[in-house]
Amino acid sequence: MIKDKGAFTKRVHDALDFAGGQLRNLVTAHPDYFPMYTAGGRWKHGGEAWTNWCEGFLGGQLWLLYTHTSDDWWLERAIHYSRLIEHRKTDDTVHDLGFLFWSTWRRWLDHNPEDFIKAVLIEAGRTAGSRFRERGQYLPSFVSEESIFIDIMMNIGIIFYAAEQSGDKSLWDKAATHCLTTRRYLVRGDGSAAHEGIFDTETGTFVRHSTHQGWRDDSSWARGLTWAIYGFGSAYQFTGDSRFLQTAEACAAFYIENTAAHGVPPNDWSEPAPAQPFESSAAAIAASAFLQLSELSADRVRASMYQQYAFRILDTLLQPTFLASETPNWEGILLGGMYHQSRDLGVNESVMWGDYFFLEALMGALSLLNGRPAGAPARPGA
Ligand code: GLY
């Protein structure tokens, strides 16, 4: 529970001001550059990317700052960075078009309900849905046709949106079916989630669990679990199917039960003696996901608990251990994030999606403190 709302509100405003300064420096120093994770606190470096799923998170932060400040400086750059990724709307080689376009073009549509913006979102959603495999009934990950990731749950909202806007029932069914497949094979009975599922591409049958960024195939990678909380919540927002809300809440319960009171998890709860104690980007995603869940849960007591839990996470992330405002020469916003531990990419660094979801959650918290709903609407302009 936040005891002093005035002081907390000031800290949120200060953090958003700090974020504005960091982002202004980034887009001024490195125009048209899409960073993914820092190296030693610096955004520009030659480190490996593994996959290109992050190009929406910089534009997304620019949209959030425009929403917060109404300053046209941010608007111009938010539009520019959104346009820079438009060509990705036909990229069917990755499973990540929701990450790219929901953070940018959907926010643009919220501000400006023009048909050309809607058309880009619909095309990106159709491209994402075109990856659906009848054998196995899922949207495969970028890794291979046999692989499904928990992360893909964050990319089904744009498919539901495209299906709804174009009246395409078959596309809608693909998105809903992928969610049910993920629920059946990746989410376990205790609410934990496997990172990856491997299927037999000939028969479509499920073979085994696996992981890339977690500790073990049978453990729960923290960021993957937060993708599940948020993604199943979004699936429920679109469909009203209570199975998706139940899954989001089961994953939320696992997160709370297994995370220390401050609300920031390690990279994987099962890893013995992890080299880094925290994965702050998972906490930032969780804060946003819990705010969303607090507006979805039918149980008022649980809804209030989710909201308080989100505030608790943010209260922790606003401390200097995580907020980089007192760390000299650090270019990111949130310290202590992790991209890919086993590949040694972005370990104990700032990561673009961590900063994005942190800002989203801060904005949601501010809305609540001002007596308005927290969540981003499932449908643009709603
Ligand atoms: N979607 C990739 C990640 O969470 O690292």
Side-chain angles (χ1 to χ4, degrees), residues 34-39 47-58 60-61 85 88 91 93-104 124 128 131 138-144 147-159 178 182 186-187 192-197 210-215 219-234 251 255 264-269 271 274 276 278-289 332 334 336-358 360-361:
F34 290 98
M36 199 173 197
Y37 57 89
T38 59
E48 186 199 328
W50 189 43
T51 173
N52 52 345
W53 63 287
C54 287
E55 291 75 6
F57 296 129
L58 176 51
Q61 290 178 76
I85 63 167
R88 297 286 302 280
D91 180 357
T93 64
V94 294
H95 58 253
D96 302 302
L97 295 194
F99 281 128
L100 270 79
F101 286 89
W102 215 237
S103 50
T104 50
R131 293 173 56 80
Y138 60 86
L139 298 156
S141 81
F142 79 99
V143 167
S144 70
S147 154
I148 168 178
F149 277 12
I150 194 71
D151 323 28
I152 297 168
M153 282 306 301
M154 288 298 281
N155 297 279
I156 49 90
I158 197 167
I159 307 178
H178 173 84
T182 305
L186 294 195
V187 182
S192 68
H195 181 189
E196 184 181 37
S210 173
T211 192
H212 294 265
Q213 287 148 282
W215 175 243
S219 68
S220 201
W221 171 47
R223 191 160 68 253
L225 192 79
T226 64
W227 294 144
I229 303 169
Y230 205 145
F232 278 104
S234 300
C251 295
Y255 184 102
V264 183
N267 187 57
D268 189 314
W269 287 278
E271 183 175 355
Q276 299 299 332
F278 304 121
E279 205 295 69
S280 65
S281 79
I285 298 157
S288 229
L334 212 49
M338 173 106 64
Y339 177 27
H340 200 309
Q341 182 169 261
S342 59
R343 286 178 182 251
D344 196 24
L345 303 177
V347 174
N348 197 19
E349 295 286 346
S350 293
V351 293
M352 260 294 139
W353 58 93
D355 288 0
Y356 169 78
F357 284 102
F358 181 50
E360 182 182 84

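Numbers for residues simply follow the sequence, beginning at 1. Numbering of ligands and ligand atoms starts at 1, following listing order.
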message = What protein heavy atom lies closest to atom 5 (O) of ligand 1? Include the residue and the distance to one decimal.
response =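 Sorting protein heavy atoms by distance from atom 5 (O) of ligand 1 puts R223 NH2, 2.5 Å first.
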* Give the contacting part of W53 toward ligand 1: side chain, backbone, both or neither, where contact means a heavy-atom distance below 4.0 Å. =>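 For W53, the contact with ligand 1 is made by the side chain alone.
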Side chain, backbone, both or neither: which applies to H340 and ligand 1 if a contact is any heavy-atom pair less than 4.0 Å apart?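 Neither; no heavy atom under 4.0 Å.
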Can you list the atoms of ligand 1 that are under 4.0 Å from a heavy atom of Y339?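 Atoms satisfying the 4.0 Å criterion: 5 (O).
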| message | Only heavy atoms of Q213, strictly under 4.0 Å: list the atoms of ligand 1 that pass. | response |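 This gives 3 (C), 5 (O) as the contact atoms.
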Self-check item: Between OH on residue Y37 and CH2 on residue W50, distance to nearest 0.5 Å
Solution: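 It comes to 12.0 Å.
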[Y] backbone acceptor or donor facing [X] side chain under 3.5 Å:
X	Y	value
E279	M338	yes
R88	E55	no
S192	S220	no

- Message: Using a 3.5 Å cut-off on N or O atoms only, is D151 in polar contact with ligand 1?
- Response: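 Yes, since at least one N or O of D151 sits under 3.5 Å from an N or O of ligand 1.
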task = Check whether any heavy atom of W227 sits under 4.0 Å from an atom of ligand 1.
result =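 W227 counts as a contact of ligand 1 under the 4.0 Å cut-off.
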Next on the checklist: Does the residue W221 have a heavy-atom contact with ligand 1, meaning some pair of atoms that are separated by less than 4.0 Å?
Outcome noted: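 Right, W221 reaches ligand 1.
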Determine the interplanar angle of the F57 and Y356 rings, folded into 0 to 90°, and report it as parallel if under 30°, tilted if 30 to 60°, perpendicular if over 60°.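 Rings of F57 and Y356: tilted, 30 to 60°.
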* Hey, does F357 have a side-chain heavy atom less than 4.5 Å from the side chain of M352? ->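 A side-chain contact is absent here, since even the closest heavy-atom pair is not under 4.5 Å.
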